Amino acid sequence: MPVIDAITAFHEDMVRWRHDLHAHPETAFEERRTADMVATRLKSFGLEVDRGLAGTGVVGTLHHGHGPAIALRADMDALPMTEANSFAHRSTQPGRMHACGHDGHTAMLLGAARYLAATRHFQGTVHFVFQPAEEGEGGGKQMVEDGLFRRFPAHAVYGMHNWPGLEVGRFAVRPGPMMAAFDIFEITITGKGSHGAMPHQGIDPIVCGAAIVSALQAVVSRFTDPLHPAVVSVTRFHAGEAWNAIPDRAVLAGTARALGNEVRDATEALVRRIAAATAEAYGADAEVRYEQRYPATVNHAAEVERAARAAALVVGAEHVDRDPVPSMGAEDFAYMLLERPGAYIWIGNGATDGGRHLHSPHYDFNDAILPIGASYWAKLAESVLAENRAE
Ligand code: NI
């Protein structure tokens with residue numbers, strides 16, 4: 001497979017960077033050691049380095065000749081969970097783990113920066129964007145709000161995530177939605193506490209809550225077009241303390257996902273209506289807190305074409321899936337795609353045996369794909385910025 005030789009030559013360096021990051025995971029907006037490491041490396045490769053966007057964000061910039069500008073983005077944060085692996089580079093921090101491979105994403109983008117700084121076979125500008133807090137906290141949104149594209153104007157923006165279950169040496173990318181919109185809700189049901197033996201003297205928020213959980217199953221199964229994907233999951237149900245006392249309150253919480261904004265808004269309206277009406281039927285009261293978090297990650301067709309062609313230069317066109325099934329997971333690269341045209345691609349991380357799923361305590365990024373990912377970034381920059389020069 002035509003991975004770039006000059007990148008393969010420093011594969012071991014990328015593995016070392018990745019293992020160092022893996023052993024020292026940092027969670028949302030606290031990626032200080034990670035940002036120091038990234039900034040130091042970028043400077044050593046000869047890039048201009050800016051820091052401070054979204055707190056711990058780092059942007060490295062390479063100019064060469066005259067041409068348009070693109071942004072390549074990696075995420076740097078770890079998850080608040082404890083690693084179950086025992087290999088030498090396992091997390092040194094209890095309750096912190098690179099269980100989503102952002103250590104590998106950072107190492108691959110650093111590898112591309114090193115190669116492109118040394119070779120400069122492009123005309124224009126490449127911004128290497130290292131963002132904090134992808135996991136639930138919206139570091140990508142924060143970088144945009146802090147002026148990412150104002151300070152670093154780019155005509156297009158590209159993202160990449162490793163994908164367990166997709167073979168090593170494969171990529172997947174499609175126009176339109178790649179990842180879902182992600183929302184959260186909390187429903188507080190207020191009834192009236194009473195003796196467990198005399199339920200008629202109170203209003204039972206647990207029975208009411210159970211009815212709401214059941215009724216919410218109809219949001220997707222009965223109210224949503226079967227051809228428009230959505231998920232509503234109640235993931236928490238807290239109520240009561242004693243076995244013989246009916247409590248005053250019950251609190252439900254969960255998450256909703258959708259691939260399109262219309263379905264997303266309709267889902268919110270239905271959750272609110274079903275919670276309120278069901279509570280009323282039981283004589284209880286339901287207060288719904290509903291927050292729309294990340295929007296859907298929606299790829300732009302022209303940039304998908306460029307991304308797919310760059311991936312094909314590395315692994316061959318037959319190993320680039322142009323029509324993968326979108327994921328109901330979410331990704332805050334979505335915010336960057338609302339600002340600039342772009343494409344988000346999956347790179348195969350290989351088999352999931354041994355629990356190598358994203359967010360599993362047994363997960364580890366696959367070091368074998370570091371040169372594949374770095375070569376993709378390099379080919380993408382070289383082809384997009386050469387292609388534009390010819391126009
Ligand atoms: Ni991730």
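Here the structure is a predicted model, which is why all the values come from computation and not from measurement. Start at 1 and go down the list; that is how both ligands and their atoms are numbered.
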Ion pair present between Glu305 and Arg309, side-chain N to carboxylate O less than 4.0 angstrom?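 Salt bridge between Glu305 and Arg309, a charged N being under 4.0 Å from a carboxylate O: yes.
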Opening angle between NE2 in His161 and SG in Cys100, taken at the Ni ion (ligand 1), to 10 degrees: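 Roughly 100°, rounded to 10°.
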Taking backbone and side chain together, does His105 place any N/O/S atom at a distance below 2.8 Å from the Ni ion (ligand 1)?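 Under 2.8 Å: His105 has no N, O or S contact with the Ni ion (ligand 1).
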In the single-linkage hydrophobic clustering (I, L, V, M, F, W, Y; side-chain heavy atoms under 4.5 Å), do Phe149 and Tyr335 co-cluster?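 Phe149 and Tyr335: separate clusters.
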If we ignore angles and hydrogens, is there a donor and acceptor under 3.5 Å between the side chains of Gln201 and Ser194?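 Side chains of Gln201 and Ser194: no pair found under 3.5 Å.
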Indicate whether the side chain of Glu262 and that of His228 have a donor and an acceptor atom separated by less than 3.5 Å.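 Looking only at side-chain atoms, His228 and Glu262 do not form any donor-acceptor pair under 3.5 Å.
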For the Ni ion (ligand 1), find the closest N/O/S atom on His102 and give its atom name.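 Looking at His102, the N, O or S atom with the least distance to the Ni ion (ligand 1) is NE2.
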